[in-house]
Amino acid sequence: MIRKILFFAIVFPSFLPLWAEKPKYQYFGKAYDLGTGKYIYSDNHKEYYNNGKHLYSDIQYKDAEGKVFGTKHIEFDKNSEVPTFKTEDFRDGYTEGADVKGKSVRLFSKRKKEDPLSERTYTPKSPAVMDGGFDYFVRNNWEPLSKGERMSFHFLAPIQLDDYKFAVEKIRDGEWKGRPALYLRLEIDNFILKQVVKPFLLVYDVRTRRILQFEGLSNINDENGKSLKVKIVYDYPKEVLEP
């Protein structure tokens, strides 16, 4: 039900200016099955900037053999926490995304290629977060989160054409591969649904506020159309972690 709502994302196609054709940063995350530790897929990111501002990202999903099976495009320039995006899985035609205009959001999705596109346009309650915008929510609220404040927000789920109350809070301060890190837990902020949907565990780099590791339900499905339970470890070039 809510298994498609957290993972990082894509954009509704739009004109992209010529000065943003070359990505500033490129990095990838490797996803491993939480139960077996088997390597399953990678998400390969390209980030585009202008005058120091992150405009959008393009993401390719590749299977363990390196074959591309899906893409994401996500735009952060107008609203970093509620970005316009679109995701497509070429294997079964799974599609989800959102077109954001001001405070209005058009959610759209379909589970299979042959399904009609479902959509809904509405104004979500504030604070609202969607897809890869969660990273920016963490960065924008770093100080209260690092001090232990529990923060709630409405997480938009295009596959459900709805939003759900979530909360994020610090688990502990620590290290991750020798780097100072902030460990967070993200969970649905509803007593009944909390019994069904397990928390997501995330690790962020203190210096750059970049995500280093993710554990929980992925937005990528297995061959049976069910969300994978994964641990994703991110690998950044030196210029990202040592700016």
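Computed from a predicted structure; not experimentally measured.
Shown here are the salt bridge (charged side-chain N to carboxylate O under 4.0 Å, His left out) partners of Asp163, two or more places apart in sequence or in another chain: there are none. Under the ring pair (Phe, Tyr, Trp, His ring centres under 6.0 Å) criterion, Tyr27 pairs with His45, Tyr236, not counting sequence neighbours. Legend: residues meeting side-chain contact (heavy atoms from CB on, under 4.5 Å) with Pro127, ordered by chain and number and at least two apart, are Phe153. Partners of Tyr39 under the ring pair (Phe, Tyr, Trp, His ring centres under 6.0 Å) rule, at least two apart in sequence or in another chain, are Tyr32. With sequence neighbours excluded, the residues satisfying side-chain hydrogen bond (donor to acceptor under 3.5 Å, both in side chains) with Ser42 are Asn44. Applying the salt bridge (charged side-chain N to carboxylate O under 4.0 Å, His left out) rule to Arg179 yields the partners Asp205, Glu242; only residues at least two apart in sequence or on another chain are considered. Every residue two or more places apart in sequence or in another chain was checked for a side-chain contact (heavy atoms from CB on, under 4.5 Å) with Lys113, and none qualifies. Applying the side-chain contact (heavy atoms from CB on, under 4.5 Å) rule to Asp189 yields the partners Arg150, Ser152, Lys165, Ala167; only residues at least two apart in sequence or on another chain are considered. The salt bridge (charged side-chain N to carboxylate O under 4.0 Å, His left out) test applied to Lys194 returns Glu187, not counting sequence neighbours. Applying the salt bridge (charged side-chain N to carboxylate O under 4.0 Å, His left out) test to Asp235 and every residue at least two apart in sequence or in another chain returns nothing. Listed by chain and number, the residues in a side-chain contact (heavy atoms from CB on, under 4.5 Å) with Leu184 are Val138, Val168, Lys170, Leu182, Tyr204 (sequence neighbours excluded).
Other residues sharing a hydrophobic cluster with Phe90 under the 4.5 Å side-chain heavy-atom criterion for ILVMFWY residues are Val68.
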